[in-house]
Amino acid sequence: MTPVLRCENLRKSFRGNLVLDDLTLDVAEHEVVALIGASGSGKSTLLRCVNLLEQIDDGLIHLDGEHITDPRVDPDGVRRKIGIVFQAYNLFPHMTVLDNITLAPTRVHRRARTEAREQAMAWLGRVGLADKAGEYPDRLSGGQQQRVAIVRALVNSPRLLLLDEVTSALDPELVGEVLTMIRELKGEGMTMVLATHEMGFARQVADRVVFLDGGRVLEQGPPEQVFGAPQQPRTQQFLRRIVEAGRL
Amino acid sequence: MTGSVLPPAATARAPWQPSAVERGRMAYRRRRAIFSVLIAAVSTAVVGVLLTVAVTGAPGWDRVKASFLDWDVAKESLPEILHGLVLNLELLVFCAIGALAVGLVVAILRTLRGPVAFPVRAIATGYTYAFRGVPLIIVLYVMTLGVPGLRLQGMPSTLVLGGVALVITYGAYLAEVFRAGIESIHPSQIAAARSLGLTYRQAMRHVVLPQAVRRVAPPLLNDTVALQKDVGLVSLAGPIDAVRAAQIQVAETYNFTPYIVAGVLFVLLALPLIGVTDWVTLRAARRQGARG
């Protein structure tokens with residue numbers, strides 16, 4: 001079966017600083033892949049490259065078998081099929097929660113306004129935010145804002161959902177509500193790639209954990225293997241530090 | 001795939017060479033870039049030719065050319081216009097500095113909080129409302145013709161009074177630009193500064209204003225260029241600026257070319273101002289690592 005996402009030999013550097021170095025990664029349908037690794041290991045850059053927010057220096061990215069790093073490909077068309085959620089939520093502060101969510105469905109996907117609203121309200125109801133539909137983002141807590149941001153990505157029915165450290169800006173109490181939501185999405189078969197510092201969560205929710213180091217996939221496997229019996233010295237060292245910091 | 005462990009990276013690898021795919025992409029982008037330049041060149045040429053044909057082919061072109069673009073008249077009128085332009089420049093420098101200072105002070109006064117500051121706030125607000133509303137020419141007439149009528153001791157010259165009229169009018173515009181900049185700085189910045197023990201004044205001076213001024217540099221420049229053109233209006237009260245000098249030349253030669261000369265000089269005068277501001281803004285953005 002064609003993987004949903006296929007990255008082959010990706011290379012990306014910023015002003016001579018090599019961030020992705022010959023990185024290869026496949027993500028199968030319904031699979032949840034957790035990217036772990038130190039800051040600067042290339043997790044976020046990989047997600048941004050997949051969403052074509054950054055232009056890669058070399059390599060190939062396929063989405064559902066389509067070569068999306070071909071310069072002839074329309075990036076907007078690719079992005080319509082990929083949802084991305086950022087660490088800082090990036091909700092539009094001048095729009096209500098409901099308008100944030102229905103912006104792309106009505107303007108990009110040309111759906112009827114009432115239909116988009118109904119779908120948005122259904123989603124908000126599911127994540128317990130139906131009463132916040134008319135609020136502006138700044139009146140919401142971080143966890144609420146991040147759940148709205150995830151809903152905003154989901155209403156476009158993406159083939160692939162990219163989550164870039166979505167809980168890093170949240171306090172521990174609010175992390176739970178966002179992680180619960182992601183766990184539910186996994187139950188529904190959403191294909192996801194998440195960059196995360198939440199090792200415990202990666203262990204619970206991921207089908208596969210990928211350890212990035214120096215812009216390459218240094219080690220990957222099922223969570224119990226990567227966390228339980230890491231093979232590479234760098235992975236062992238990284239996980240030891242995480243344990244020492246009390247994050248696992 | 002699952003469960004595999006990749007071999008460790010070889011310690012010494014050959015330096016990176018673009019793959020065939022990447023070379024293909026580079027070639028495609030290069031072709032696209034060349035194509036874009038060609039299209040731009042062709043469309044510019046077409047528009048240029050059409051405009052030239054439309055203007056020079058117009059039935060009255062020869063007469064317009066003779067009365068607006070006479071090279072000899074231009075050369076002859078240039079010294080007088082340049083002489084007038086010196087007045088524009090002097091006025092511009094003093095009025096720009098004056099209006100920026102007035103604008104900044106009024107903007108800060110308008111942001112003061114608390115009941116004690118109410119009268120100050122009210123006066124500052126009233127000033128910006130009034131002088132953004134009154135036409136500049138009326139302020140100029142009142143200042144240069146009305147005020148001397150008071151026959152007070154030590155009345156300054158018409159030129160100074162005209163300059164004052166410009167400063168108070170433009171100060172009101174600039175105050176609003178500065179205020180917009182100050183209010184665009186997030187309150188968390190003041191909170192952070194106050195939390196370090198800085199007073200409100202220090203927080204304004206060291207944290208808020210530097211960011212605010214940088215943010216509103218482009219609109220400030222806009223108003224400065226507008227001021228540069230409006231300083232010439234003091235000629236209504238007598239002093240001879242570049243435009244007035246051109247007007248005199250037009251009256252003497254029965255030829256409109258001096259107006260064109262003055263216009264070109266004003267454009268040339270604005271260019272360095274625009275260039276400097278763009279450079280300052282760009283440099284600030286680069287230093288803070290903002291990406292374009």
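These values consider heavy atoms only, across backbone and side chains, with no hydrogens, waters or symmetry-generated copies. Since we're looking at a predicted model, the values are computed, not measured.
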| field | Which portion of E8(A) sits near chain B, non-hydrogen atoms under 4.5 angstrom | value | neither
| Contacts with chain B made by residues 68-83 of chain A (heavy-atom distance under 4.5 Å), listed by residue number |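 Counting heavy atoms that sit under 4.5 Å from chain B, the residues of residues 68-83 of chain A involved are T69(A), P71(A), R72(A).
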Answer yes or no: are there more than 12 heavy-atom neighbours, outside [X] itself, under 6.0 Å from its atom [atom1]?
X: Y200(B); atom1: OH; value: yes
X: F94(B); atom1: CZ; value: no
X: R283(B); atom1: CZ; value: yes
X: E29(A); atom1: CD; value: yes
X: Y28(B); atom1: OH; value: yes
X: Q17(B); atom1: CD; value: no
X: R205(B); atom1: CZ; value: no

Only pairs under 3.5 Å count here: list side-chain donor-acceptor contacts from residues 98-107 of chain B, not counting sequence neighbours, and write none if there are none.
none

| task | Identify the two heavy atoms, one from S19(B) and one from D58(A), that lie closest to each other, and give their separation to 0.1 Å. | result |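 Between these two residues, the closest heavy atoms are OG-OD1, 2.6 Å.
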| task | Mind ranking R32(B), R25(B), R29(B) by heavy-atom pairs under 4.5 Å with chain A and telling me who comes out on top? | result |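 Result: the option with the highest number of such pairs is R25(B).
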| request: Working to the nearest 0.5 Å, report the span between CG of L18(A) and CH2 of W16(B). | output: 9.5 Å
